[in-house]
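Step one of this worksheet: look at the structure below.
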Amino acid sequence: GRFFGREKKTVVRRTLDDDMLEQLEELLITADMGVDTALRVTANMAEGRLGKKLSVAEIKELMAQEITRIMDGVARPMPLYAHKPQVVLVVGVNGSGKTTTIGKLASQFKAAGKKVVIAAGDTFRAAAVEQLQVWGDRAGVPVLTAPEGSDPASLAFDAMEKAQQDGADLLMIDTAGRLQNRSDLMEELSKIVRVIRKKDPDAPHNTLLVLDATTGQNALQQVKVFQELADVSGLVMTKLDGTAKGGVLVALADKFGLPIHAIGVGEQIDDLAPFDPEDFANALVGLDR
Amino acid sequence: MFENLSERLSGVFDKLTKQGALSEDDVKTALREVRIALLEADVSLPVARDFVKAVQDKATGQSVTKSVTPGQQVVKIVHDELEHILTGDQDPGALKIDNPPAPILMVGLQGSGKTTTTAKLAKRLKEREGKRVLMASLDTNRPAAMEQLAILGVQIGVDTLPIVKGEDPVAIAKRAKTQASLGGYDVYMLDTAGRLHIDQELIAQAAAVRDVANPRETLLVVDGLTGQDAVNVAQEFDDKIGVTGVVLTRMDGDGRGGAALSMRAITGKPIRFVGLGEKMDAIETFEPKRIAGRILGMGDIVALVERA
Ligand SMILES: Nc1nc2c(ncn2[C@@H]2O[C@H](COP(=O)(O)OP(=O)(O)OP(=O)(O)O)[C@@H](O)[C@H]2O)c(=O)[nH]1
Ligand SMILES: Nc1nc2c(ncn2[C@@H]2O[C@H](COP(=O)(O)OP(=O)(O)OP(=O)(O)O)[C@@H](O)[C@H]2O)c(=O)[nH]1
Ligand SMILES: [Mg+2]
Ligand SMILES: [Mg+2]
């Protein structure tokens, strides 16, 4: 105010009106939040504030707070259980970052003192096994493999047996990328789950769906179908080191409420971070801190 | 999951069924719904905005054919404009692969489908045009990326440049060029590592590869499920590396494919192919009409109005 305000540059304040709300909505839409959710967020934010004069920073702050509020409930690291082996199945559409994320997670769990085993369940894509083997080496974790073209469910079964014998804490199973509208491939995934459950009815203990941050509204469909057919227990969003903001996560939190365990922020082994609602919200609305 | 455009418009136009021509206000109301439909189909906001503006001018004052509703009429106008933008003014023709060995450079974000598309196109050129193709992986970054291309090469019966560990992408590009000339190949394809459009270092590296190879075609491979970020990606890759065409992958999914419009509108470059699966035959030439119907989620209405 009055005493200190003079040296500072005047802060432009604008009235929070319909025009302004529409602009804010658009900001959220360009972050892939989707029209419905963007409308909801701006409406909540405007409640009781219409007609007020606010600075750009204040508005962004409010919007970030609103998003943080929605996301707070879903920010949860992947739970670890005493049960051995804890089976972690990793699923998702093609190229979303499943294999890379397994490498990063394996490295983190290993560093936390866990005995980890990886199963190369993508027996379809060319050199998928070789790729995972490199990640296994990097993380210092053994990788169980089967020949290209073999049945991923039987590999998963063998891997369960091996992990049990070896007394592993964690068994992470990579799977081939599949689009959720391919019912044959989704059935293949259900079969993997069924076979795993023959060895342990409570497994897989975690089924992680890996989403690519550049994906738009189709992510909603991905979560819906993968949850129905593979019992997804948590999400990881990769490629948040680009310019995509991953705003669809807000819509997902709203609709499905699945926990978000981690985010991928690069191609290196340490480029996996916990999901932080406040950082995420700030980045989404373009607030520098 | 989303309402398609006809559902959105039916409510809006219920009260207007008697009118003979579309008034400015009718069109405005309808276009608000069109804008939402486009955004839900992942068309980038600035592109959707320009699009709506263009349609506004075209639609106002148009007479409504008797046998269709104003809503259906608007859909048809929107569809035609979509198709018009997706098609562009010039026929892109075939890939430029004259003057053997013709280099084709493949670029794009991580995981967009470059390696798979490289092999699919190589197979196509070999089988449909009888070309001798050499594929080279310049991906020194992602684990087993070179092996991936080599395996695909064996699968489709196309040669790959032997892998030499420790070589950088520019050196590999030079070796590919030499090998392609000496070996009498018609085309050589350079598959590159995935890179973010904002990664200055890797973008500079791709530009260096381009300067060595002087590609006849530089294809930007983009995931058809891409959302709003499509504009940033297209703009940066085109500015920094220069693209001659776009390939949209994963169009076998149930995404609406709005990225197609974003890419086309932002770069002005033709979309050459769409990827329709993981198999080596799963690639087709781009059909503007089909994608236009898909973005709007309503091929049927368009057919109805065309018949009326
Ligand atoms: N920039 C960036 N790239 C990533 C990230 N996570 C993965 N990638 C890259 O994305 C590409 C695809 O990653 P993969 O781990 O092979 O994806 P995938 O889901 O296993 O792919 P498929 O098995 O073919 O379905 C690779 O080039 C990775 O290096 C991330 O967080 N940021
Ligand atoms: N369903 C479907 N999958 C595709 C299509 N094109 C590629 N893929 C899959 O997408 C994944 C990634 O493809 P790649 O060709 O490895 O992608 P890339 O761009 O070379 O990836 P990086 O080299 O890691 O940047 C693989 O699982 C492919 O099988 C397509 O049109 N449809
Ligand atoms: Mg993989
Ligand atoms: Mg590749």
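In what follows, every chain begins at residue 1, and chains take the letters A, B, ... in the order their sequences are listed.
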query = Looking at side-chain heavy atoms only, is the closest gap between A/Thr238 and A/Val210 below 4.5 Å?
reply = yes
query = Between B/His197, B/Gln155, B/Glu147, which has the largest tally of heavy atom pairs under 4.5 Å with chain A?
reply = B/His197
query = Is a donor on one side and an acceptor on the other found under 3.5 Å between the side chain of B/Arg195 and the backbone of B/Ala193?
reply = yes
remark   = Okay, A/Glu267 and chain B: the region with an atom under 4.5 Å from a heavy atom over there is side chain
A/Ser190 side chain to A/Met186 backbone, donor-acceptor under 3.5 Å = yes
task = Answer with side chain, backbone, both or neither: which region of A/Gln133 has an atom nearer than 4.5 Å to a non-hydrogen atom of chain B?
result = neither
ask   = Of the backbone (N, CA, C, O) and the side chain (C-beta and beyond), which part of B/Asp252 lies under 4.5 Å from a heavy atom of chain A, both, or neither?
value = both
Chain A contact via B/Ile198 - which portion, at a heavy-atom distance below 4.5 Å = side chain
key: Heavy-atom pair count under 4.5 Å with chain A, highest-scoring of B/Leu109, B/Ile151, B/Asn141   = B/Ile151
remark   = So, the part of A/Leu27 with a heavy atom under 4.5 Å from chain B: the answer is neither
remark   = Most contact-rich option vs chain B, by heavy-atom pairs under 4.5 angstrom, among A/Gly97, A/Ala128, A/Ala127, is A/Ala127
ask   = Between A/Arg182 and B/Glu278, does at least one N-O distance fall below 4.0 Å, as a salt bridge requires?
value = no
message = Any donor-acceptor pair under 3.5 Å linking the side-chain atoms of B/Asp42 with those of B/Gln228?
response = no
key: Most contacts with chain B, counted as non-hydrogen pairs under 4.5 angstrom, among A/Val134, A/Thr99, A/Asn94   = A/Asn94
ask   = Can you list every side-chain hydrogen bond (donor to acceptor under 3.5 Å, both in side chains) pair that touches residues 117-129 of chain A, not counting sequence neighbours?
value = A/Arg125-A/Gln131
query = So, for B/Thr116 and B/Leu152, which heavy atoms are closest and what is the spacing to 0.1 Å?
reply = CA-CD1, 4.3 Å
ask   = Considering only heavy atoms, which portion of B/Leu149 lies under 4.5 Å from any heavy atom of chain A: side chain, backbone, both, or neither?
value = neither
query = Is it the side chain or the backbone of B/Asn232 that comes within 4.5 Å of chain A heavy atoms, both, or neither?
reply = side chain
task = Check whether B/Ser44 gets within reach of chain A through its side chain, its backbone, both or neither, counting any heavy atom under 4.5 Å.
result = neither
query = Among B/Asp229, B/Thr249, B/Thr115, B/Val231, who wins on heavy-atom pairs under 4.5 Å with chain A?
reply = B/Asp229
message = So which atom in B/Ala234 and which in B/Ile266 form the shortest heavy-atom distance, rounded to 0.1 Å?
response = CB-CG2, 4.2 Å
inquiry  = Using the rule given for side-chain contact (heavy atoms from CB on, under 4.5 Å), can you reason through B/Lys269 versus B/Met263, listing the C-alpha separation, both sets of side-chain angles and the distance that settles it, and then say yes or no?
reply    = CA-CA 8 Å; B/Lys269 304 288 158 56; B/Met263 290 283 157; over 6 Å; no
inquiry  = Report which part of B/Glu236 has an atom under 4.5 Å of a heavy atom belonging to chain A: side chain, backbone, both, or neither.
reply    = neither
task = Would you please indicate if the ring centroids of A/Phe275 and A/Phe280 are separated by under 6.0 Å?
result = yes
Under-4.0 Å salt bridge between B/Arg124 and B/Glu284 = no
ask   = Can you name the residues of residues 241-254 of chain A that have some heavy atom under 4.5 Å away from a heavy atom in chain B?
value = A/Asp241, A/Gly242, A/Thr243, A/Ala244
key: Salt bridge flag under 4.0 Å for residues B/Asp223 and B/Arg250   = yes
task = Verify the distance criterion only: is there a donor paired with an acceptor across the side chains of A/Thr214 and A/Asp212 at less than 3.5 Å?
result = yes
